[in-house]
Participant: 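Okay, here's the structure, questions in a sec.
These numbers come from the heavy atoms of this one structure, side chains and all, not from hydrogens, waters or symmetry mates. Quick caveat, the model's predicted, so the values are computed rather than measured.
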Amino acid sequence: MALTSHDPFANASSLFRALDSLAGRAGTTTAHPVAGMPMDAYRIGDNFVAHLDLPGVDPGSIEMSLEGTTLTISAERSVPQLEGAQWQVAERPFGSYTRQLVLGRSLDTDRLEASYHDGVLTVSIPVAEKAKARTITVTRADTPAAVQAHTIEGEQPAVES
């Protein structure tokens with residue numbers, strides 16, 4: 001099973017951090033854009049499981065789409081709008097998260113399941129039946145097996161002279 005991940009905004013996030021550092025805003029008390037979606041992934045039994053940290057996001061903002069073997073996950077954490085509040089510290093990141101996972105063809109993406117609990121999105125994908133390990137029985141033959149000639153449909157078999 002192969003898994004690769006791609007954060008299309010990783011370069012932008014590091015650029016924002018570099019600009020904050022140059023502008024002397026690093027470590028200030030202003031909210032900043034989010035910087036990624038940390039993930040743990042493993043295989044257990046016949047399932048591939050990934051846990052992605054999404055603390056503080058509205059579960060309704062989580063979107064997942066699958067195109068071919070690419071799973072795209074996006075979510076958003078909004079800045080709280082509190083009437084009359086005078087912010088003293090706003091260090092928590094806000095903004096949009098996006099992460100793409102390129103899944104192996106050995107996974108049964110038709111049975112992909114996802115759940116969100118305590119700030120963690122869990123994605124579970126079973127291994128496809130045809131990709132599971134199996135034992136092949138070898139039979140003993142007293143004579144070599146004859147190989148039958150056959151043709152691809154529509155072609156005539158070659159005639160030997």
Participant: Please report the shortest heavy-atom distance between Met64 and Val123, naming the atom on each side.
Facilitator: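 That closest heavy-atom pairing would be CE-CG2, 3.8 Å.
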Participant: Suppose we screen for side-chain contact (heavy atoms from CB on, under 4.5 Å). Which residues come up paired with Asp53, at least two apart in sequence or across chains?
Facilitator: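 Partners of Asp53 by the side-chain contact (heavy atoms from CB on, under 4.5 Å) criterion, ordered by chain and then number, come out as Pro38, Pro55, Val120.
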Participant: How close do Pro126 and Asn47 get, heavy atom to heavy atom, and via which atoms?
Facilitator: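 Nearest heavy atoms, Pro126 then Asn47: CA-OD1, 3.1 Å.
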Participant: Identify, with sequence neighbours excluded, every residue that meets side-chain contact (heavy atoms from CB on, under 4.5 Å) alongside Ser61.
Facilitator: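 Partners of Ser61 under the side-chain contact (heavy atoms from CB on, under 4.5 Å) test: Val57, Asp58, Ala75, Glu76.
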Participant: For Thr72, enumerate each residue passing the side-chain hydrogen bond (donor to acceptor under 3.5 Å, both in side chains) test, keeping only those at least two apart in sequence or located in another chain.
Facilitator: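 Only Gln100 meet the side-chain hydrogen bond (donor to acceptor under 3.5 Å, both in side chains) criterion with Thr72.
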Participant: Is a side-chain N or O of Arg77 found less than 3.5 angstrom from the main chain of Val79, in a donor-acceptor match?
Facilitator: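 Judged by distance alone, no pair lies under 3.5 Å.
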Participant: Report the residues that fulfil side-chain contact (heavy atoms from CB on, under 4.5 Å) with Leu66, sequence neighbours left out, ordered by chain and then residue number.
Facilitator: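 For Leu66 the side-chain contact (heavy atoms from CB on, under 4.5 Å) partners, ignoring immediate neighbours, are Leu71, Leu103, Thr109.
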Participant: Rounded at 0.5 Å granularity, tell me how far CG in Leu101 sits from CD1 in Ile125.
Facilitator: 7.5 Å
Participant: With sequence neighbours excluded, what pairs up with Thr122 under the side-chain hydrogen bond (donor to acceptor under 3.5 Å, both in side chains) test?
Facilitator: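 Thr122: side-chain hydrogen bond (donor to acceptor under 3.5 Å, both in side chains) contacts with His51.
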Participant: Would you mind telling me which of Leu121, Leu54, Ile73 makes a side chain to side chain contact (heavy atoms under 4.5 Å, CB included) with Tyr97?
Facilitator: Leu54
Participant: At their closest point, which heavy atom of Thr98 faces which heavy atom of Met37, and how far apart are they?
Facilitator: N-CE, 4.0 Å
Participant: Test: salt bridge (charged side-chain N to carboxylate O under 4.0 Å, His left out). Region: residues 111-130. Which pairs qualify, not counting sequence neighbours?
Facilitator: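 Found Asp108-Arg111, Glu129-Lys132.
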Participant: Test your reading of the model: is there a side-chain donor-acceptor pair from Tyr116 to the backbone of Ile62, 3.5 Å cut-off?
Facilitator: no
